[in-house]
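Structure first, commentary second.
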Amino acid sequence: MRSRCARVVGICFLPILVAALGGCLGGGHATGTPGPQSIPVGQSTQTLEWGGVGRTFHLYRPQGLTDAVPLVVMLHGGFGSGAQAERSYHWDSEADNGHFLVAYPDGLNRAWNAGACCGQPQRDNVDDVGFITAMVDAIGQGIPLDRARVYATGMSNGAMMALRLGCQADAFAAIAPVAGTLLTDCSRARPTSVLQIHGTADDRVPYQGGPGKAFAVNGNPRVDGPSVESVNATWRSIDACGPPNSTTAGDVTTQAAGCADGRTVELISVAGAGHQWPGGEPSPIAEFAGIPAPSTALNATDTIWQFFATSHR
């Protein structure tokens, strides 16, 4: 899949990117050596042709990024979009403070192929691992990236996709799934630092595992995976970790395990929180679906960036 030709063109800044980023992605790497000004300061949108389909992603570049910079890939949830994730989870302001780049890719038909879920990408076996990897490579042609500090996080279906990236891609120094579970083969994963965040009252992706309450398709549950703690134990095994230590402050319980080569695997459980991004913006659509407003017991975005900031290859 990754040997396919991909051509990057800009939507918001077409003349610059046609000159700077045009070409093929051979083996997952974009051709050309454009300078850091190929990606403008602020918000912009690009299209990457991958698998014969134009795939869009949004970027946020803070002021003053010139040297090799970290990159956070933020994956929206099912029925969401990159633009929605940019509005809802406050990563742009976090990037201003932390001096890193953020990418918000769009899943096909608002979903990701995370293995056993979700939607058309899963049914058609869309190569979303290849697309996101190619996107990272293409971004690296527009601004120098610190390849030891590339990270992935996501909400719900996006969290499941972040876990799949951790299992099946080599680009990411750490992943941070929020309200997700592991629905793909992880037998060949390379060690990667992991932070999970999950509400104990999540009924869409249940904390204890098993079928979720909503979104059944043809009589089958849309999500039916292992428990959150089981996923965490899987990553502790992959990363050769010691036993976790647990601390509780109010509604937030943190299990943290030190692992080989300085990696860490953590699980943050938010008591009483449902299927949500703690500290995110309330969503009228989520409220209509019976999902409560996000907990204010934790700022997930700030917590995840603090975790990423100490993780590198």
Side-chain angles (χ1 to χ4, degrees), residues 1-51 54-75 82 85-86 91-92 94-95 98-106 127-154 161-162 164-166 168-176 190 192-193 305 308-309 311-313:
M1 287 287 189
R2 290 179 61 184
S3 63
R4 293 176 181 169
C5 179
R7 180 173 56 88
V8 179
V9 295
I11 293 175
C12 293
F13 44 102
L14 180 62
I16 296 173
L17 279 181
V18 166
L21 294 182
C24 291
L25 291 178
H29 296 281
T31 61
T33 54
Q37 295 307 311
S38 299
I39 294 175
V41 170
Q43 298 176 340
S44 57
T45 304
Q46 300 182 43
T47 297
L48 170 68
E49 290 186 10
W50 179 256
R55 302 293 301 268
T56 55
F57 58 97
H58 312 272
L59 288 171
Y60 181 72
R61 175 180 176 171
Q63 294 276 356
L65 296 187
T66 55
D67 298 327
V69 297
L71 169 67
V72 172
V73 177
M74 172 67 223
L75 301 164
E86 187 168 17
W91 275 104
D92 287 2
E94 194 74 33
H99 306 291
F100 59 90
L101 190 71
V102 192
Y104 304 91
D106 289 313
D127 182 17
D128 278 328
V129 172
F131 159 57
I132 294 167
T133 303
M135 179 195 72
V136 171
D137 289 338
I139 292 169
Q141 296 298 315
I143 185 171
L145 295 180
D146 184 344
R147 293 292 182 150
R149 301 187 66 198
V150 177
Y151 311 106
T153 184
M161 190 66 224
R164 185 169 194 178
L165 291 171
Q168 299 176 0
D170 296 334
F172 300 95
I175 59 171
R190 62 181 291 176
T192 302
S193 291
W305 174 245
F308 283 166
S311 303
H312 56 82
R313 286 289 189 202

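When a residue number appears, it is its place in the shown sequence, counting from 1.
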Donor + acceptor pair across side chains of Asp146, His312 (<3.5 Å): no

Taking every non-hydrogen atom, the tightest pair across Gly142 and Ser38: O-CB, 3.7 Å

Within this structure, what is the NE2-OG1 distance for the pair His99 and Thr66, rounded to the nearest 0.5 Å? 11.0 Å

State, yes or no, whether a side-chain contact exists between Val69 and Arg149 at a heavy-atom distance under 4.5 Å. no

Salt bridge (Lys or Arg N to Asp or Glu O under 4.0 Å) partners of Arg55, counting only residues at least two apart: Asp128

Would you say the side chain of Ile143 lies within less than 4.5 Å of the side chain of Arg61, judging by non-hydrogen atoms? yes

With rounding to the nearest 0.5 Å, note down the distance linking OG1 in Thr153 to CG in Leu165. 11.0 Å

Are any of the side-chain heavy atoms of Val72 and Trp91 separated by less than 4.5 Å? yes

Do you know which two heavy atoms are closest between Ala103 and Leu59, and how far apart they sit? CB-CD2, 3.7 Å

How many angstroms lie between CD in Gln168 and CE in Met161, if you round to the nearest 0.5 Å? 7.5 Å

So which atom in Ala176 and which in Phe308 form the shortest heavy-atom distance, rounded to 0.1 Å? CB-CZ, 3.7 Å

Indicate yes or no: at least one non-hydrogen side-chain atom of Val41 is less than 4.5 angstrom from one of Pro62. no

Heavy-atom pair with the smallest gap, counting every atom of Ser311 and Ala174: CB-CB, 3.8 Å

How would you list, by chain and number, every residue that makes a side-chain contact (heavy atoms from CB on, under 4.5 Å) with Val136, sequence neighbours excluded? Leu71, Val73, Leu145, Arg147, Val150, Phe172

To check you understand the geometry: which heavy-atom pair defines the closest contact between Val102 and Ala95, and what is its length? CG2-CB, 3.6 Å

Look up atom CD in Gln46 and atom CD1 in Ile139, then write down how far apart they are to the nearest 0.5 Å. 6.5 Å

Is there a side-chain contact between Tyr151 and Phe100 (heavy atoms, below 4.5 Å)? no

Would the distance check show the side chain of Thr133 and the main-chain N or O of Val129 forming a donor-acceptor pair, the cut-off being under 3.5 Å? yes

Between CG on residue Asp106 and CG on residue Leu48, distance to nearest 0.5 Å: 12.0 Å

Listed partners of Asp92 passing side-chain contact (heavy atoms from CB on, under 4.5 Å), at least two apart: Gln43, Tyr60, Glu86, Tyr104

Has the side chain of Thr47 got a donor or acceptor atom that lies under 3.5 Å from a matching backbone atom of Thr56? no

Considering only heavy atoms from C-beta outward, does the side chain of His58 approach that of Met74 to under 4.5 Å? no

